[in-house]
Protein chains: 2
Amino acid sequence: MSDRLSTTFAALADPTRRAILARLALGETSVQKLAEPFAISLPAISKHLKVLEHAGLITRGRDAQMRPCKIDAAGFIGVEHWLEEYRKLWGQSMDKLESHLEVMKAQQAVRPAPKKKSRSVKRQGEGNARKD
Amino acid sequence: MSDRLSTTFAALADPTRRAILARLALGETSVQKLAEPFAISLPAISKHLKVLEHAGLITRGRDAQMRPCKIDAAGFIGVEHWLEEYRKLWGQSMDKLESHLEVMKAQQAVRPAPKKKSRSVKRQGEGNARKD
DNA sequence: GATGTATTTAACCCATGAGTTAATTAACCG
DNA sequence: CGGTTAATTAACTCATGGGTTAAATACATC
């Protein structure tokens with residue numbers, strides 16, 4: 001997969017990782033804190049962080065035995081720049097489409113309480129990744 | 001991977017698919033035409049197109065026995081909108097970072113590099129996808 | 001130096017994704 | 001109808017990605 005952009009997009013193609021980024025958008029924090037909201041193991045989180053770091057989406061420091069993670073613009077810039085090319089393709093209509101998206105997101109946000117889900121749903125539910 | 005954004009990012013995480021999009025940015029075209037630049041089989045291209053379509057990045061029509069592909073804003077909007085959240089994190093510094101990226105890309109590109117700065121980003125072939 | 005805490009590495013399992021070739025569907029044309 | 005062109009489906013291989021548990025590393029403190 002080699003190239004940087006592919007690596008970055010691949011990193012973003014996972015709801016858990018996007019949720020981590022969303023959390024980091026609020027500020028630097030430790031791996032443990034990052035892991036809290038998820039129903040997956042710490043090593044799994046650690047792997048996600050490695051992927052994000054490798055994609056240039058986060059950086060990691062060191063504070064005692066903690067490795068605080070911080071969101072990093074670099075990876076985002078790559079995507080931003082790539083998008084640039086296409087943005088001009090639908091110039092005007094973009095606004096309309098964006099507000100349409102807005103509506104869809106709103107609908108999704110207010111959808112009624114889920115019906116009884118039963119069935120041991122241990123794996124963190126795919127659709128629940130917040131904030132992406 | 002269920003959710004839309006994950007699907008879209010995953011679709012973009014492949015250089016062949018991004019190259020296809022780059023080609024489609026120039027205009028609607030047939031599957032065969034799309035396949036030409038690549039050293040992979042037609043079925044492989046067909047699969048890529050299905051992925052792109054499912055990600056809302058292209059739409060497909062019908063013209064005789066051809067299924068012309070057309071780039072579609074929808075998928076891009078999703079990404080655009082997702083980025084929006086993060087864009088504000090580094091507001092001002094964004095411009096600086098982008099020009100920095102510009103420099104890096106220039107360095108990465110071969111090296112006919114004349115010292116004069118050119119404003120337009122050339123279409124340096126996105127995907128040298130795999131060949132056997 | 002032993003102990004506790006934070007995180008990563010190792011060694012696996014299993015699902016999925018990108019590719020293949022061969023066969024099939026779909027539309028046009030003589 | 002039979003043949004040709006355009007594209008997809010089927011059936012398979014192989015590599016990789018996300019998850020696991022158990023063990024190892026790194027630092028702080030006693």
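Each chain gets a letter, A, B and so on, in the order the sequences are listed, and its residues count up from 1.
- Using a 4.5 Å heavy-atom cutoff, the side chains of A:Q32 and A:I45 are not in contact.
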For nucleotides 27-30 of chain C, give me every protein contact, N/O to N/O, under 3.5 Å, one pair per line with atom names.
{"unit_1": "C:dC28", "atom_1": "O4'", "unit_2": "B:Q65", "atom_2": "NE2", "d": "3.4"}

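- Here C:dG4 presents its P atom at 19 Å from CE of A:M66, a figure rounded to the nearest Å.
- Atom-to-atom, CG of A:L12 to C1' of D:dG17 comes out at 15 Å; the value is rounded to the nearest Å.
- The CZ atom of A:F38 sits 14 Å away from the P atom of D:dG18 (whole-angstrom rounding).
- If you take CG of B:D14 and P of D:dT16, they are 14 Å apart, rounded to a whole angstrom.
- The two residues B:L21 and A:Y86 make their nearest non-hydrogen contact at C-OH, 3.6 Å.
- No donor-acceptor pair closer than 3.5 Å links the side chain of A:R60 to the backbone N or O of A:C69.
- Using a cutoff of 4.0 Å between basic side-chain nitrogens and carboxylate oxygens, B:K33 and B:E28 are not scored as salt-bridged.
- What separates CG of B:L52 from P of D:dT8 is a distance of 12 Å, to the nearest Å.
- Under the 4.5 Å side-chain criterion, counting only non-hydrogen atoms from C-beta, B:I40 is in contact with B:H48.
- A salt bridge between A:K50 and A:E53 is absent, with no side-chain N of the basic residue lying under 4.0 Å from a carboxylate O of the acidic one.
- With rounding to whole Å, B:Q32 atom CD is found 10 Å from D:dT8 atom P.
- Here the closest non-hydrogen pair linking B:A64 and B:R62 is O-CD, 3.0 Å.
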Where do N or O atoms of nucleotides 8-10 of chain C meet protein N or O atoms at under 3.5 Å, pair by pair?
{"unit_1": "C:dT8", "atom_1": "OP1", "unit_2": "A:R60", "atom_2": "NH1", "d": "2.4"}
{"unit_1": "C:dT8", "atom_1": "OP2", "unit_2": "A:S46", "atom_2": "OG", "d": "2.6"}
{"unit_1": "C:dT8", "atom_1": "O5'", "unit_2": "A:S46", "atom_2": "OG", "d": "3.3"}
{"unit_1": "C:dT9", "atom_1": "OP2", "unit_2": "A:K50", "atom_2": "NZ", "d": "3.0"}

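- B:I58 has its CD1 atom 12 Å from the P atom of D:dA7, to the nearest Å.
- The interatomic distance linking A:K33 (NZ) with C:dT5 (C1') rounds to 14 Å, in whole Å.
- Side-chain proximity of B:H48 to the nucleotides D:dA6, C:dA18, C:dT20 is greatest for C:dA18.
- Classification of the B:F76-A:W82 ring pair by plane angle, with boundaries at 30° and 60°, yields parallel.
- Between A:P68 and A:S30 the shortest side-chain heavy-atom distance does not fall below 4.5 Å.
- In this model, the phosphate group of D:dG19 is not approached by any side-chain N or O of A:S41 to a distance below 4.0 Å at OP1 or OP2.
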